[in-house]
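Computed from a predicted model, the values in this text were never measured in an experiment. Letters go in sequence order (proteins before strands), and every chain restarts at 1. Because only heavy atoms are used, hydrogens play no part in the values below, and waters and symmetry mates are left out as well, while side chains stay in.
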Amino acid sequence: MLTMGKDEAERIPYFLEYYRNLGIDHFLFIDNDSSKPMADLLEGMCDVSLWHTTDSYAGSQYGVDWMNAINSKYAVGHWTLTVDLDEFFVFPYIEERSFKELCYYLDNMEQKSMFAPLIDMYPNGSISSAVVPTGDDPLRYANYFDIAGYHAQHGGFDDVWIKGGPRCRVFNDGDIQKSPSLNKTPLMKWTEETLYILSTHCAYPFENNQPHPKGVSAVTGALLHFKFTSEMKEKAEYAVKHKNHYEASKEYAEYLKVLAENENLSLVCPHSAKYISSETLIDAKLINASFWGFEYNS
Amino acid sequence: MLPFGGLSIIPSNIIMKIAFVLLAHNFPELLIQTVRHIAGNGHYACIHYDLSSPQEEINKIRESLKEFKEQVCIISECHCKWGEWSLVQAPLASINKIREMEWKVDYVHLMSGVDTFIKPFRDLEKFLTEYPYDFIESVNINERQWVVDGLEIERFIHTYPYNYITQRELFEEHLNKQIAANACIPIPREITPHMGSQWWTLRWQTCMSILDFMAANQHVIEYFKLCWIPDESFFQSVIRCVSPKNEVKSTQLIFHSFSQNGRPFLFMNGHENLIEQIPHFLIRKVSPESQRLLQFINEKSLACDQERKITPETLISVKAKLDYQIKKAGDLTVEVPWSPPSINHGGAHNSIVLILIHDGHHNPLEVASTINEYEHVAYLGRPFMKNKNNSIYKLLVDSNSLKTNYYQPNPLTPEHWQAIQAKNPQIKLYVVSYVPEEDWLEHNKVLQQSRVGFIILQSGNPLRDALIQNKLQFEKVNYLRAEGCHKISDLAEVINITGSI
């Protein structure tokens, strides 16, 4: 599994705990010159490989070049999960079934990738109230999400662009076109020709982007995305200052603007729901169990 | 943890002896476990390990099983290639080997090295004693289609010198040439083409009869070597020449199933209840990563204390039921996330259906021309109209003045609605005409299942009131009451409102 980060040390302990429990064999970290080096934290862990770069995140297609270079050198022939430090991969029945079962299943189905869009999580109260202590599970503090309000549109590369959720509702005036994309294909069986093109939103070969390859209902997952916690303001200020995100961190400037208007902003709305288990997402039809869920003991 | 970890003591009261023929080419550890389980229960195992597999693996298997050398043998006759005669040759070689070893067996069971036992041997012995037949799927393709999608009779009448997997282009070119030239090979007169799964359980006497039949009909062997996937047709056809019809049960003792796109069904954690429902003696395939399930099989399924009533009929009926359900689980016509039909706008419905009660207040042509001014509106006419050929609406649908021509005679289904919505994402409002005498109740149900919103027009019409008051039908569906809409201009107003939703 590959991840990268800059000055996000407080997220790493739980990140490792979560994914180790899931059954990840090896972690590939890219430290984009954090002021407090990741090496301090990761040293001595035999399941972690660490790269360090002082290059610009924006200048490397927002890390895409780094991810491709490392995965292509070390991950060919393996299932690779490429996520950010605030993204937590879930799939149907994750409570009972392991990540290795999932990979074996995907191999059995001759599937090369798995679709898993971002689901923005937020607290049942003001964003600032969700203070996540280092090493703790953010889901305990931000366990609400939008059960509806997503928009899907077919793109030119066999991909489906998903937009919507709280970032569309609250920070983009409900404008679907303006709001950030949620579709991702974080899990891929890496081959010599595999590449990410646009973050993990779009991959090559393009058929890897299809949620349901060859028109047959496939298992899909989600990335629980913990952006909306008490750290949000600080992170957004950092991003705006360094202009290191997409379109000079425009999205983050918008966050600051909305937060400035209402310090106790809450994202809860009439179609907010509490995440209880992967079955919450199955019921909301945000993830799909398909054949993987056939006759699953309920 | 793998199943069959511990050896059981060979019971002294075995009522019948079975020789298991195992075809394998990898996973030697799993194979060893399975064979120890077989031999530990007093039965025989003849392993055909693929000629192309590493010799070290064969040595390892032989070494691990040496304590059972009276009951276990291992051969490597050929390299088994999918679609080719080698997959018939391997079990035939195994039968010959069993004869040569002079094992006294009642049955031969052909299986793959990755199959998993889910019933105790005592149940299997009891079953075969009670039903002393040949168990082999054998379908006469003149009577019933067996192949779901692909070549069937073509497998019997053309030749296949190229391998489908490794030489696909040559394979197809050669086949197409034969079809174009109508070049066929004759089916031997002894044979009626039958097909079925390659895995079977045959009486020892039947196996001997097959060898005798082959010795007497060498040309039949030569013929099947030319056919495609003969492991699904050779034994299945020859069995009809050597066993009486009433002694052949066209089913299998193993449960295996395939997804809609032809991938094998995988048993995983969480399938404990499913396994309890399956009357078959073995299953395929079990994920080696699903340790809890393997433990369950080892501890519960293989326990001898359960009373089960298994008959050839239960094997057939449960298999048919599960096959159907498994195919359906991979069907994309069910609602799946992120596919266009399930686009969800903020908890509202994908699109809205405006039900226009046909009470003489409006002229369909006028409605159509009003609707035509709006990009986001389409007119679908009368879904329950019985005689569309004589109707004005047929003309409406065919004319260029309408933006959609998804006219469907009754009944429209939820799938129709989803397809219509998917193909016309720009359409936010569909206008449907209802005539009171038509079967509107059925259509209500369809609309409800389609997750579309409703607007019902023409207040004062008894049908409209009946629709609204029908609480049972509308319990879960949002609908808007468009009070007082009588005229076409009212329709325009409603369209304007829906345009902003």
Side-chain angles (χ1 to χ4, degrees), chain A residues 23 92-93 95-105 107-111 115 117 146-154 160-162 164 168-169 174 176 182-183 211-218 220 222 269-271 281-282 284-298, chain B residues 114 257-278 284-294 296 321-350 422-423 425-426 451:
Chain A
Y93 312 116
E95 297 78 11
E96 298 294 326
R97 288 202 182 141
S98 68
F99 183 68
K100 285 196 171 138
E101 273 184 290
L102 179 69
C103 294
Y104 188 87
Y105 170 87
D107 277 331
N108 179 62
M109 298 305 284
E110 293 186 335
Q111 225 175 300
F115 190 71
D146 279 16
I147 203 160
Y150 299 97
H151 182 93
Q153 194 179 347
H154 283 280
V160 176
W161 290 87
I162 312 287
C168 171
R169 265 193 296 123
I176 285 282
L182 304 175
N183 52 298
H212 304 290
K214 299 182 189 115
V216 175
S217 168
T220 66
C269 78
H271 52 265
L281 296 183
I282 297 173
K285 298 193 182 297
L286 292 173
I287 61 177
N288 186 42
S290 172
F291 201 50
W292 162 266
F294 178 75
E295 286 277 318
Y296 181 85
N297 297 348
S298 44
Chain B
V114 297
S257 192
F258 292 91
S259 74
Q260 209 181 38
N261 53 339
R263 303 305 309 154
F265 182 75
L266 197 58
F267 288 91
M268 293 171 286
N269 288 347
H271 280 151
E272 291 80 2
N273 292 346
L274 177 61
I275 283 180
E276 301 236 290
Q277 291 174 35
I278 293 176
R284 177 152 81 248
K285 66 194 227 189
V286 179
S287 157
E289 300 291 350
S290 303
Q291 295 298 314
R292 264 194 308 109
L293 184 75
L294 289 166
F296 172 85
K321 185 186 103 190
L322 290 175
D323 272 349
Y324 172 75
Q325 291 175 353
I326 284 170
K327 291 277 183 323
K328 221 176 150 198
D331 198 337
L332 248 196
T333 55
V334 299
E335 194 177 8
V336 292
W338 314 125
S339 284
S342 58
I343 294 169
N344 201 333
H345 297 283
H349 298 284
N350 298 349
K423 283 181 186 151
Q426 79 283 9
R451 295 163 56 112

Contacts of type side-chain contact (heavy atoms from CB on, under 4.5 Å), residue A:E96, not counting sequence neighbours: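 Expected list: A:Y296, B:R292.
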
Assess whether atom CZ of B:F258 is packed by more than 12 heavy atoms of other residues, nucleotides or ligands within 6.0 Å.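 Yes.
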
Where is the tightest heavy-atom contact between B:L266 and A:Y105, given as atom of each residue plus distance? CD2-CA, 3.6 Å

Taken in chain and number order and not counting sequence neighbours, the residues that satisfy side chain to side chain donor-acceptor pair (under 3.5 Å) with A:N183 are none

So do the side chains of A:N108 and B:K285 get within less than 4.5 Å of each other, counting heavy atoms only? yes

Compare all side-chain heavy atoms of A:L102 with those of B:E289 and state whether any distance is below 4.5 angstrom.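 A side-chain contact is absent here, since even the closest heavy-atom pair is not under 4.5 Å.
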
Find the distance between OH (A:Y93) and CG (B:N269) and round it off to the nearest 0.5 Å.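 That separation rounds to 13.5 Å.
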
How far does OG of B:S287 sit from NZ of A:K100, to the nearest 0.5 angstrom?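 It comes to 11.5 Å.
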
Quick one: does A:E101's side chain have a donor or acceptor within less than 3.5 Å of a partner on B:M268's backbone?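 Here the side-chain-to-backbone pair does not exist.
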
Residue B:Q325 versus chain A: region with a heavy atom under 4.5 Å: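 Both parts, backbone and side chain.
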
